[in-house]
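Every value quoted in this text rests on a predicted model; they were computed, and no experiment measured them. Whatever order the structure lists ligands and atoms in, that order sets their numbers, starting from 1.
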Amino acid sequence: MKTNGYGRALPPILRAGETAESWPERRAELMTLLREQVYGFSPEETPVVTVESEEEKPCFAGKANLGRVVLRVQFGEKSFFFPVRYAFPKAKRPAPVFVVLNFRPDVPDLYLPAEEILDGGFGFAQICYTDVVNDRYHGDFSDGLGKAYYEGRARRPDEWGKIGMWAYAASRAIDWLYTREEADRAHIMVIGHSRLGKTALYAGMSDERIWATFVNDSGAGGASIARHKETGETIHDIAKNGLWDWFADNYRRWENREAEMPFDMHFAVAMIAPRLVCVGSAEEDAWAEPEGECLSCRAASEVWELLGRRGLEMPDRAAVSGESFLTGSVGYQMRSGTHFLSRTDWQKYMEFARIHINEET
Ligand code: GCU
């Protein structure tokens, strides 16, 4: 029985003789591969973001203002809109901000300990994912950005799915954050859990303005290695359950053929280099396969090292519940319990952000 992911031969990220100088070319090639085969291509038109409405009120005992802004996004002839709920701590200096991809609009929420985040000196801008496009599975692109983009035609096999759309909305929220003086542009972060962990990963890969990416319990199609799995979700499960619309249609081609893929999900993690990424697993979350999530971080680290940064700094063994390894540019933490974005996860991610902010000063 394998216990720590060793023995799972992975395709190499780096070519023979790869250097820091040749990496941008390799990265571009791999971004294209991952878009074509996993996440799909997004529209090329330059998006234009305008504020349609805005409201703000004091909250959390006056420590912050809680706001809701509706953003309209125009790309080419098409447009869609979605709300963002946000709060910035009242402070003299701009605050680092988490762009939170969430399942519900509520603030605070089960997955968003809002006051604790503000007390930590961070702001947040939350997107409720179904405000961008529904998540009814089986290729329903009948509303929001899905409708704006696909109305009246079928999707090509290499075009984006819903993960691409949700990540695109995160980037448009960042466009808007750039107009807010309360937000520290140099420290914009993105966070998501589960399918939205997959989305956070793709947002971090795609948008180089993102300083740190937090990928919680993202599993298959997220940080977890797809090939040679003994437990957890497979591409077959994704296809069978109708979740293929999160991805490019091409992704289904790898069903039961994972070992033939010319890539695996450590490539996705590596696309974030040299920026920061922290992956989280939960001990009892066998469906997401913690071992594969950690293995991705370990295997992707060689890219940070090539670029003169520190990759994952953890001992050469499997992680134990309760452990976190936050000092390298690639972080990993393993929480006890089940599939969830908990307060404990948030505390680890805020600690990771603090460690790396302090390193800069
Ligand atoms: C399902 C799905 C996972 C996904 C999860 C979620 O379990 O199979 O891939 O991560 O839902 O988003 O909660």
Side-chain angles (χ1 to χ4, degrees), residues 34 37-40 99-106 109-112 126-140 146 160-167 169-170 190-205 213-227 229-252 254-256 258 261 264-266 268-269 277-297 333-335 337-342 345-346:
L34 292 168
Q37 299 299 327
V38 183
Y39 299 107
V99 175
V100 185
L101 290 151
N102 205 349
F103 292 93
R104 288 166 300 273
D106 313 344
D109 177 62
L110 210 59
Y111 290 138
L112 181 78
Q126 173 174 273
I127 299 165
C128 171
Y129 80 137
T130 49
D131 284 338
V132 178
V133 63
N134 76 75
D135 193 18
R136 291 190 286 258
Y137 311 165
H138 298 288
D140 182 344
W160 63 351
K162 291 176 181 175
I163 286 177
M165 295 186 175
W166 297 321
V190 65
I191 181 167
H193 165 67
S194 205
R195 68 200 69 182
L196 298 176
K198 310 182 208 303
T199 307
L201 173 62
Y202 184 57
M205 293 163 60
T213 302
F214 298 95
V215 181
N216 198 70
D217 301 1
S218 60
S224 197
I225 295 293
R227 62 196 350 104
K229 282 185 111 153
E230 288 178 357
T231 59
E233 186 174 23
T234 61
I235 299 177
H236 171 70
D237 295 313
I238 287 173
K240 182 182 73 190
N241 295 331
L243 314 182
W244 44 264
D245 68 4
W246 294 346
F247 302 91
D249 222 22
N250 273 342
Y251 191 47
R252 280 201 273 181
W254 301 107
E255 187 176 344
N256 300 322
E258 283 91 343
M261 299 192 311
D264 211 314
M265 303 319 283
H266 56 312
V269 174
V277 58
C278 188
V279 169
S281 306
E283 188 188 12
E284 294 173 45
D285 190 10
W287 190 237
E289 218 229 348
E291 177 192 282
E293 293 173 325
C294 186
L295 179 56
S296 252
C297 295
Q333 61 107 5
M334 160 88 88
R335 171 179 55 68
T338 56
H339 188 70
F340 191 64
L341 175 53
S342 79
D345 296 312
W346 271 101

Which residue supplies the protein heavy atom nearest to atom 7 (O) of ligand 1, what is that atom called, and how far is it? W287 NE1, 3.1 Å
Answer side chain, backbone, both or neither: which part of L243 comes under 4.0 Å from ligand 1, heavy atoms only. side chain
For atom 4 (C) of ligand 1, the protein heavy atom that lies nearest, with its residue and separation: S194 OG, 3.4 Å
Hey, do the aromatic rings of Y251 and Y39 have their centres closer than 6.0 Å? no
Does any N or O of ligand 1 fall below 3.5 Å from an N or O anywhere on D217, backbone included? no
I'd like to know if the side chain of E258 reaches the main chain of T234, judged simply by a donor and an acceptor atom lying under 3.5 Å from each other, with no hydrogens or angles considered. no
Do Y129 and K162 have side chains that get closer than 4.5 Å, going by heavy atoms? no
What atoms in ligand 1 come closer than 4.0 Å to a heavy atom of K198? 3 (C), 4 (C), 9 (O), 10 (O)
Determine whether any heavy atom of W246 lies closer than 4.0 Å to an atom of ligand 1. yes
In short, R104 meets Q126 closest at the heavy-atom pair O-NE2, 3.4 Å
Does L101 reach the side chain of V190, with side-chain heavy atoms less than 4.5 Å apart? yes
For Y129, which part has a heavy atom under 4.0 Å from ligand 1: side chain, backbone, both, or neither? neither
From the options E233, R195, H339, H193, select the one whose nearest heavy atom is closest to atom 3 (C) of ligand 1. E233
Donor on one side chain, acceptor on other, W287 and D217, under 3.5 Å: no
